[in-house]
2 protein chains.
Amino acid sequence: MAAAESSYKDKKVITIGIVRELTGLSERQIRYYEERKLIFPDRTPGGSRKYSFSDIELLMEIANKIEDGVQTYEIRQEMIREKRAMDKKTHHKMIQGQLNAQFGIQKR
Amino acid sequence: MAAAESSYKDKKVITIGIVRELTGLSERQIRYYEERKLIFPDRTPGGSRKYSFSDIELLMEIANKIEDGVQTYEIRQEMIREKRAMDKKTHHKMIQGQLNAQFGIQKR
DNA sequence: CGTGTAAGGAATTCTGACACG
DNA sequence: CGTGTAAGGAATTCTGACACG
């Protein structure tokens with residue numbers, strides 16, 4: 001029972017130049033969204049940023065919202081809210097899993 | 001009806017340094033396997049190599065065979081044979097698809 | 001606030017070659 | 001044959017700052 005599935009989608013292996021190509025954003029923009037805590041790349045030992053495909057998708061969503069006039073701060077609040085909802089769901093599933101493990105199938 | 005599905009797995013977006021980390025191979029080895037036509041990375045406009053997750057898996061298979069004493073030339077022959085088998089299967093499916101499109105479900 | 005840019009430096013990658021075997 | 005390495009150069013990335021607004 002591991003912690004997180006490590007699929008291709010979430011492996012941080014893409015450098016910023018490729019992200020620029022894939023998203024059409026400038027490196028300045030990409031780094032700025034990190035500064036505003038919207039995105040969290042890993043780093044190589046040398047300090048170069050590494051992104052995942054998920055990060056790229058997220059960046060494009062962010063870019064869309066910015067175009068719509070949403071500020072980075074608001075986007076961040078949204079993301080925090082979404083994360084909380086997710087955690088709640090995950091917690092619920094986990095509790096269900098524990099009950100299940102102890103008492104067997106309880107549903108129905 | 002497009003030509004090839006472009007999933008994350010086959011997108012060539014990973015630079016050689018990351019590939020080195022992920023495979024444990026040296027850059028020398030990775031480049032050499034390309035020289036021997038076992039692997040075909042894309043290039044950035046500047047000339048840097050870009051690999052996919054599939055490439056990484058392939059590299060690890062290659063490394064295993066090399067360790068077992070298989071020569072690059074033999075590995076290449078194997079790969080060509082496998083590709084031919086694949087193409088044959090794909091061709092068969094395509095023909096079936098065309099028949100299907102013209103005459104409807106023919107099986108059974 | 002979000003983004004462009006010039007600046008200087010450091011990390012990354014490239015190729016061709018010599019070496020060993 | 002497969003791989004290590006030193007060499008020199010070019011492409012890539014990094015940070016902090018100034019600018020505009």
Side-chain angles (χ1 to χ4, degrees), chain A residues 11-80, chain B residues 11-80:
Chain A
K11 276 222 161 180
K12 296 186 186 257
V13 295
I14 309 175
T15 51
I16 198 167
I18 310 277
V19 174
R20 178 173 38 67
E21 281 179 25
L22 261 41
T23 60
L25 300 173
S26 68
E27 296 185 15
R28 181 66 164 100
Q29 289 174 304
I30 299 169
R31 294 200 189 98
Y32 180 66
Y33 301 153
E34 175 182 359
E35 186 183 322
R36 300 315 310 273
K37 299 193 185 308
L38 300 180
I39 191 98
F40 305 93
D42 279 0
R43 297 277 181 150
T44 66
S48 295
R49 273 165 265 250
K50 298 186 296 184
Y51 302 85
S52 68
F53 282 109
S54 294
D55 290 334
I56 288 174
E57 291 183 6
L58 182 51
L59 278 170
M60 299 186 73
E61 287 178 38
I62 293 169
N64 282 333
K65 289 178 186 166
I66 298 268
E67 277 186 70
D68 293 349
V70 186
Q71 296 197 331
T72 56
Y73 178 80
E74 305 174 67
I75 299 176
R76 179 157 156 70
Q77 295 309 312
E78 277 181 54
M79 287 175 50
I80 291 172
Chain B
K11 276 222 162 183
K12 294 184 187 263
V13 296
I14 310 176
T15 51
I16 198 167
I18 310 278
V19 174
R20 177 173 38 67
E21 281 180 23
L22 262 39
T23 60
L25 300 173
S26 68
E27 295 184 16
R28 181 66 164 101
Q29 290 173 304
I30 299 168
R31 293 200 191 100
Y32 180 67
Y33 301 154
E34 176 182 359
E35 186 183 321
R36 300 313 311 274
K37 300 194 183 310
L38 300 180
I39 192 98
F40 305 92
D42 278 359
R43 297 277 181 151
T44 66
S48 295
R49 273 166 266 248
K50 298 187 294 184
Y51 302 85
S52 67
F53 283 110
S54 294
D55 290 335
I56 288 174
E57 291 183 5
L58 181 52
L59 278 170
M60 300 187 74
E61 287 178 38
I62 293 169
N64 282 333
K65 289 178 185 166
I66 298 267
E67 277 186 71
D68 293 350
V70 187
Q71 296 198 331
T72 55
Y73 178 79
E74 305 175 68
I75 299 176
R76 179 156 155 70
Q77 294 308 312
E78 276 182 55
M79 287 175 51
I80 291 174

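Every chain is numbered from 1 and lettered A, B, ... according to where its sequence line falls, protein lines coming before strand lines.
The shortest distance between side-chain heavy atoms of B:Arg49 and B:Val19 does not fall below 4.5 Å.
Here C:dG4 presents its C1' atom at 14 Å from CG of A:Leu25, a figure rounded to the nearest Å. Rounded to whole angstrom, the span from the CD1 atom of A:Ile16 across to the C1' atom of C:dT12 amounts to 15 Å. The distance between atom CD1 of A:Ile62 and atom C1' of C:dT3, rounded to the nearest whole Å, is 15 Å. Taking atom NZ on B:Lys50 and atom P on C:dT13, their separation rounds to 14 Å, with Å as the unit. In this entry the distance linking CD1 of B:Ile30 with C1' of D:dT5 reads 16 Å, nearest Å. One atom, CD of B:Glu35, and another, P of D:dT3, lie 11 Å apart when rounded to the nearest Å. In this structure, the CD1 atom of B:Ile18 is 12 Å from the C1' atom of D:dT13, given to the nearest Å. Rounded to whole Å, atom P of D:dT13 lies 12 Å from atom CZ of A:Arg43.
With distances taken from any side-chain atom of B:Arg20 to the nucleotides C:dT15, C:dT13, D:dC14, the minimum falls on C:dT13. Listed nucleotides D:dC14, C:dC14, C:dT3 differ in distance to A:Ile66; the shortest reach to its side chain belongs to C:dT3. Considering only side-chain atoms of A:Arg49, the nucleotide from C:dT12, C:dG4, D:dC14 that sits closest is D:dC14. You'll find that the side chain of A:Tyr32 is closest to C:dG2, out of C:dG2, D:dC14, D:dG2. Nearest to the side chain of A:Ser48, among C:dT12, C:dG2, C:dT13, sits C:dT12.
Within the nucleic acid shown, A:Arg31 comes within 4.0 Å of at least one base atom, counting heavy atoms only.
Rounded to the nearest 0.5 angstrom, A:Ile30 CD1 and A:Asp55 CG are separated by 10.5 Å. The structure places CZ of A:Arg20 at 9.0 Å from OG1 of A:Thr15, a figure rounded to the nearest 0.5 Å. Rounded to the nearest 0.5 angstrom, A:Ile62 CD1 and A:Arg76 CZ are separated by 11.5 Å.
Judged by distance alone, with hydrogens and angles left aside, A:Arg28 brings a side-chain donor or acceptor within reach of the base of C:dT5, the pair sitting under 3.5 Å.
Along DNA chain D, the nucleotide closest to B:Thr44 and the one closest to B:Glu27 are compared, and the more 5′ of them pairs with B:Glu27.
When both pairing distances are held under 3.5 Å, C:dA10 makes a Watson-Crick or G-U pair with D:dT12. The pairing partner recorded for D:dG4 is C:dC18, the criterion being a Watson-Crick or G-U wobble arrangement whose two distances lie under 3.5 angstrom.
Nearest heavy-atom pair, A:Leu38 versus A:Thr72, reported as atom, atom and distance to 0.1 Å: CD2-O, 3.7 Å.
Within a 6.0 Å radius of OH in B:Tyr73, no more than 12 heavy atoms belonging to other residues, nucleotides or ligands are found.
A close approach under 4.0 Å does not occur between any side-chain nitrogen or oxygen of B:Tyr33 and OP1 or OP2 of D:dG2. Phosphate contact (OP1/OP2 of D:dG4, side-chain N/O of B:Ser26, threshold under 4.0 Å): present. Phosphate contact (OP1/OP2 of D:dT12, side-chain N/O of B:Thr15, threshold under 4.0 Å): absent.
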